[in-house]
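Please read the structure below before turning to the comments.
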Amino acid sequence: MVEVHVSKHPLVTQKVTRLRDQSTGSKEFRELVGEITTLLLYEATADLPTAPVKVRTPLMETEGTKLLYKIGLIPILRAGLGMVPAAVNLLPHSQVWHLGIYREHATRMPVEYYNKLPEDLEIDAAFVLDPMLATGGSAVAAVDVLKLRALKSVKFVGLIAAPEGVEALSSAHPDVSIHVAALDSHLNEDAYIVPGLGDAGDRQFGTL
Ligand code: PRP
Ligand code: URA
């Protein structure tokens with residue numbers, strides 16, 4: 001059963017509104033991407049298992065917790081890179097595995113051009129980071145690659161999804177839960193999300 005989480009948090013919805021605004025420049029856009037990523041990951045990590053640990057305060061020893069899973073952050077280049085600083089701040093002991101996938105202009109099919117998944121390291125929980133889930137081709141390709149490894153959990157964390165992308169990812173990988181800040185109306189004839197925010201990579205990196 002696919003879990004699709006669309007944040008209703010007012011901090012998220014108002015930040016997405018500023019993200020969509022065509023007058024928002026790259027500096028503020030990047031800041032918003034980071035802030036929304038933090039808020040979404042806070043929700044997406046809510047079910048991470050913990051183990052009890054003892055901690056000594058200045059007053060006494062008491063019970064605390066530690067995270068049980070080794071976490072991996074998998075940004076899909078290029079636009080997913082903008083989500084990494086906030087994600088690493090929140091999960092400072094995570095590994096970052098870079099995956100370069102672009103959407104071929106004519107066919108809209110995903111093309112993998114960079115894969116820095118380490119051969120000899122393991123993680124338990126993977127968070128795929130990509131602002132846009134449009135046709136879903138890039139996310140499906142990323143999860144296909146990740147599933148060649150033994151992982152306990154894979155989640156997709158993005159800013160805006162189209163129904164077409166949610167359908168594609170959940171059909172291909174029903175065990176991957178989807179966490180987004182907004183679920184939009186549809187894709188246009190160029191497979192851009194409507195109303196969306198335009199090109200997430202170009203808007204972050206000033207390449208419009
Ligand atoms: C964008 C976006 C996703 C992909 C989504 O990347 O960041 O990776 O498109 O589209 P899909 O769901 O139809 O696959 P893009 O290919 O524009 O590359 P970029 O990040 O390098 O700009
Ligand atoms: N990639 C983007 O950056 N924006 C879209 O709307 C679709 C794919």
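Only this structure's heavy atoms are used, side chains among them; waters, hydrogens and symmetry mates stay out. As the structure lists them, so they are numbered: ligands from 1, and atoms in each ligand from 1.
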At a 4.0 Å threshold, what atoms of ligand 2 neighbour a non-hydrogen atom of [X]?
{"X": "Ala191", "result": "7 (C)"}
{"X": "Ala134", "result": "7 (C), 8 (C)"}
{"X": "Ala200", "result": "2 (C), 3 (O)"}
{"X": "Ile193", "result": "5 (C), 6 (O)"}
{"X": "Arg103", "result": "7 (C), 8 (C)"}

> Where the closest heavy atom to atom 2 (C) of ligand 2 is concerned, which of Arg108, Gln204, Met132 has it?
Replying inline: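 That would be Met132.
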
>> If you take the nearest heavy atom of each of Val128, Val140, Leu187, Asp199, which one is closest to atom 17 (O) of ligand 1?
In response: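 Minimum heavy-atom distance to atom 17 (O) of ligand 1 goes to Asp199.
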
Is it the case that the side chain of [X] and the backbone of [Y] share a donor-acceptor pair, with hydrogens and angles ignored and the cut-off at 3.5 Å?
{"X": "Asp190", "Y": "Tyr192", "answer": "no"}
{"X": "Gln204", "Y": "Ala79", "answer": "yes"}
{"X": "Thr24", "Y": "Arg18", "answer": "yes"}
{"X": "His9", "Y": "Leu11", "answer": "yes"}

For ligand 1, find out whether one of its N or O atoms is nearer than 3.5 Å to an N or O atom of [X].
{"X": "Met132", "value": "no"}
{"X": "Ala134", "value": "yes"}
{"X": "Arg78", "value": "yes"}
{"X": "Ala79", "value": "yes"}

>> So for Arg108, does at least one of its heavy atoms come nearer than 4.0 angstrom to any atom of ligand 1?
In response: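 Flag not set, Arg108 not near ligand 1.
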
>> Between ligand 1 and Ala139, can you find any atom pair, the residue atom being a heavy atom, that is separated by under 4.0 Å?
In response: no

Numbered atoms and elements of ligand 1 in range of [X], under 4.0 angstrom, heavy atoms:
{"X": "Asp130", "answer": "2 (C), 3 (C), 7 (O), 8 (O)"}
{"X": "Ser138", "answer": "4 (C), 8 (O), 11 (P), 14 (O)"}
{"X": "Gly137", "answer": "12 (O), 14 (O)"}
{"X": "Gly136", "answer": "11 (P), 12 (O), 13 (O)"}

Does the pair [X]/[Y] count as a salt bridge with the N-to-O cut at 4.0 Å?
{"X": "Lys152", "Y": "Asp124", "result": "yes"}
{"X": "Arg20", "Y": "Asp184", "result": "yes"}
{"X": "Lys147", "Y": "Asp175", "result": "yes"}

>> List the residues meeting side chain to side chain contact (heavy atoms under 4.5 Å, CB included) with Ser26, not counting sequence neighbours, and say none if there are none.
In response: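 Ser26 satisfies side chain to side chain contact (heavy atoms under 4.5 Å, CB included) with Arg30 only.
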
> Any protein heavy atom sitting closer than 4.0 Å to atom 10 (O) of ligand 1?
Replying inline: yes

> Does the protein place any heavy atom closer than 4.0 Å to atom 2 (C) of ligand 1?
Replying inline: yes

For [X] and [Y], which I'm curious about, is there any donor-acceptor pair between the side chains at under 3.5 Å?
{"X": "His98", "Y": "Asn115", "result": "no"}
{"X": "Thr207", "Y": "Arg78", "result": "yes"}
{"X": "Thr17", "Y": "Gln14", "result": "no"}

Heavy atom of the protein closest to [atom] (residue, atom name, distance):
{"atom": "atom 4 (N) of ligand 2", "value": "Gly198 O, 2.8 Å"}
{"atom": "atom 16 (O) of ligand 1", "value": "Arg103 N, 2.8 Å"}
{"atom": "atom 5 (C) of ligand 2", "value": "Tyr192 CD2, 3.4 Å"}

>> To check you understand the geometry: which heavy-atom pair defines the closest contact between Met132 and Ala200, and what is its length?
In response: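 That closest heavy-atom pairing would be CG-CB, 3.6 Å.
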
> Side chains of His173 and Asp144: closer than 4.5 Å at any heavy-atom pair?
Replying inline: yes

> Hey, what's the ring geometry for Tyr102 with Tyr113, parallel, tilted or perpendicular (30° and 60° as the breaks)?
Replying inline: tilted

> For ligand 1, does Thr135 get within less than 4.0 Å through its side chain, its backbone, both, or neither, judged by non-hydrogen atoms?
Replying inline: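 For Thr135, the contact with ligand 1 is made by both the backbone and the side chain.
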
